[in-house]
Protein chains: 2
Amino acid sequence: MTLAEQAYQKVRWDIISGALPPNQPLRLEQLKQRYGVGFSPIREALNRLQSDRLVVNVALKGFTVAPISAADMWDAIESRCLIECDALRRSIEKGDDAWEAQVVAAYHALMLKAKSVSRLPRPLSEAELRALEDRHYAFHRALIIGCQSQWLLDFADKLYVETERYRFPNLRDAAPLPDRDIGNEHQTLMTTVLARDADKATELLRAHYRSTGHILTELMGPLTTA
Amino acid sequence: MTLAEQAYQKVRWDIISGALPPNQPLRLEQLKQRYGVGFSPIREALNRLQSDRLVVNVALKGFTVAPISAADMWDAIESRCLIECDALRRSIEKGDDAWEAQVVAAYHALMLKAKSVSRLPRPLSEAELRALEDRHYAFHRALIIGCQSQWLLDFADKLYVETERYRFPNLRDAAPLPDRDIGNEHQTLMTTVLARDADKATELLRAHYRSTGHILTELMGPLTTA
DNA sequence: CAAGGCAATATTTTCGAAAATCTATGTTTA
DNA sequence: TAAACATAGATTTTCGAAAATATTGCCTTG
């Protein structure tokens, strides 16, 4: 893997996880030392992150971590509903046995990790958070991967990352994951998907995202200007 | 404007217009001379174009112009239907007077240019093509700009560019724009939008994109493997 | 004659310095 | 005192060379 790719992954994670908070100026010299690489890989990483909308860049004035706001969160959530619901519908229509197997596997991997993590003391370590995060992503991606549209999958990826920026900071110090997350919504969703009930599945997915949004809106509260 | 930004615009246009054909290897040294800038701005431009899916990059093996295929074209078209129809619906619901005025203005600007261009000899000059292209983009963007979702607008932009890659090569040497393009579909669409008939407008938009797709599929014919 | 390895070439990736640009501070002047 | 200008500092942008890596062609060897 090239240095630029490594830098991209690291900065991306630091932004999602909140180590680099919203609106933080990203001085090139500083990042160069922090990640131990030269200017070029850093610049390349920052450029890629810009099209992920994780950093913003004004010409000749440098990069900063993209701001967050309740409005942007809801924009991302609603856009995600639109795109993933359509992708899920197509997956359910076109998905074969291998796809079903992948969904089941991803679900169980997520649940296993979620349960083991729920027994750990807070705050969770960076490694545990990352592992949980990866499996959560894998599950949601497995649902829609049968849609046979690279564009929709790309868009879903971008929106997933964006929404994680809001979900994540609340995960680290949160009490053990509430039953809502572990048992109910994900399982019901998977069952409905496997039953090939597209209407109900998309409705569940939409409700899942929106309820998460409402909870986060509560938690953000006065912080929405951050 | 920075050199990187200029390089980005130029390479982007050269790919859309077909001057740099699909699968063409993009040697850095070569591009450096072609656009008269150093390595860094070129690399930055190429990186941005990669996330637009106009170029592909395999690590340590360089950049190439992204391939095209009928399958990819239809993926882009159908994704565009999904996203723009939803955005159009929201525009129609939320758009104010200023939005309506913008739609009307963009439509007339497009028609004016289309009519003047239709009287010009073929093949059209690069400048005329660019001007027509800009107004076509402006019209379609005006329709959905009232949707109040930056994410949907971003996605629509990406898909617009992608579909232009297929439409454009047929424009340069084509006979004067057929009546279908000039008079009928765009005007009917605008009228319906201004009448705030969301159901009919989205159906027209969908039909507009799909019929374009069918025509292009015909024209591509055996070239789909290119 | 084919297959594997080695050297030569081509290309990308990375780096550090130089140039260009912006921001902040202090000085002068009306 | 306030506004305008000039200077100094900080930061980004750009460049060209050096390092790292892949590809190609040739030679050796079985």
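We name chains A, B, ... by the order of the sequence lines, and we start the count at 1 in each one.
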Under 4.0 angstrom, heavy atoms only, what part of the nucleic acid is A:Thr2 near: base, sugar-phosphate, or nothing?
sugar-phosphate
In terms of side-chain geometry, is the basic nitrogen of B:Arg167 or B:Glu133 positioned less than 4.0 Å from the acidic oxygen of its partner?
yes
Checking all strands, does B:Leu26 fall into the base, sugar-phosphate, or nothing category for heavy-atom contacts under 4.0 angstrom?
sugar-phosphate
Both A:Ser40 and A:Gly62 contact DNA chain D. Which one's nearest nucleotide lies toward the 5' end?
A:Gly62
Starting from the 5' end of DNA chain C, give me the residue, A:Lys32 or B:Arg27, whose nearest nucleotide shows up first.
B:Arg27
May I ask you to say whether B:Arg206 pairs ionically with B:Glu84, meaning some side-chain N is under 4.0 Å from a carboxylate O?
no
Can a donor-acceptor pair be found between the side chains of A:Glu126 and A:Trp13 at a distance below 3.5 Å?
yes
Any side-chain heavy-atom pair of A:His186 and A:His208 under 4.5 Å:
yes
Not counting sequence neighbours, list each pair that qualifies as a salt bridge (charged side-chain N to carboxylate O under 4.0 Å, His left out) and has a residue in residues 44-56 of chain B.
A:Arg43-B:Glu44, A:Asp154-B:Arg53, B:Glu5-B:Arg48, B:Arg53-B:Asp72
Where does the chain A footprint on DNA chain C start and end, counting 5' to 3' with a 4.0 Å heavy-atom cut-off?
C:dT14 to C:dT23
Protein-nucleotide distance (A:Leu31, atom CG; D:dT11, atom P), rounded to Å
12 Å
Using a heavy-atom cut-off of under 4.0 Å over every strand shown, decide if B:Arg43 touches base, sugar-phosphate, or nothing.
base
Where do B:Ile42 and B:Phe63 land on the side-chain contact (heavy atoms from CB on, under 4.5 Å) test, with the steps shown first?
CA-CA 11 Å; B:Ile42 287 289; B:Phe63 297 86; over 6 Å; no
In whole angstroms, how far is the C1' atom of D:dT11 from the CD1 atom of A:Ile42?
15 Å
B:Leu60 has an atom CG; how far is it from atom P of D:dT23, in whole Å?
9 Å
Which part of the nucleic acid, if any, lies within reach of A:Leu3 when heavy atoms closer than 4.0 Å are counted: base, sugar-phosphate only, or nothing?
sugar-phosphate
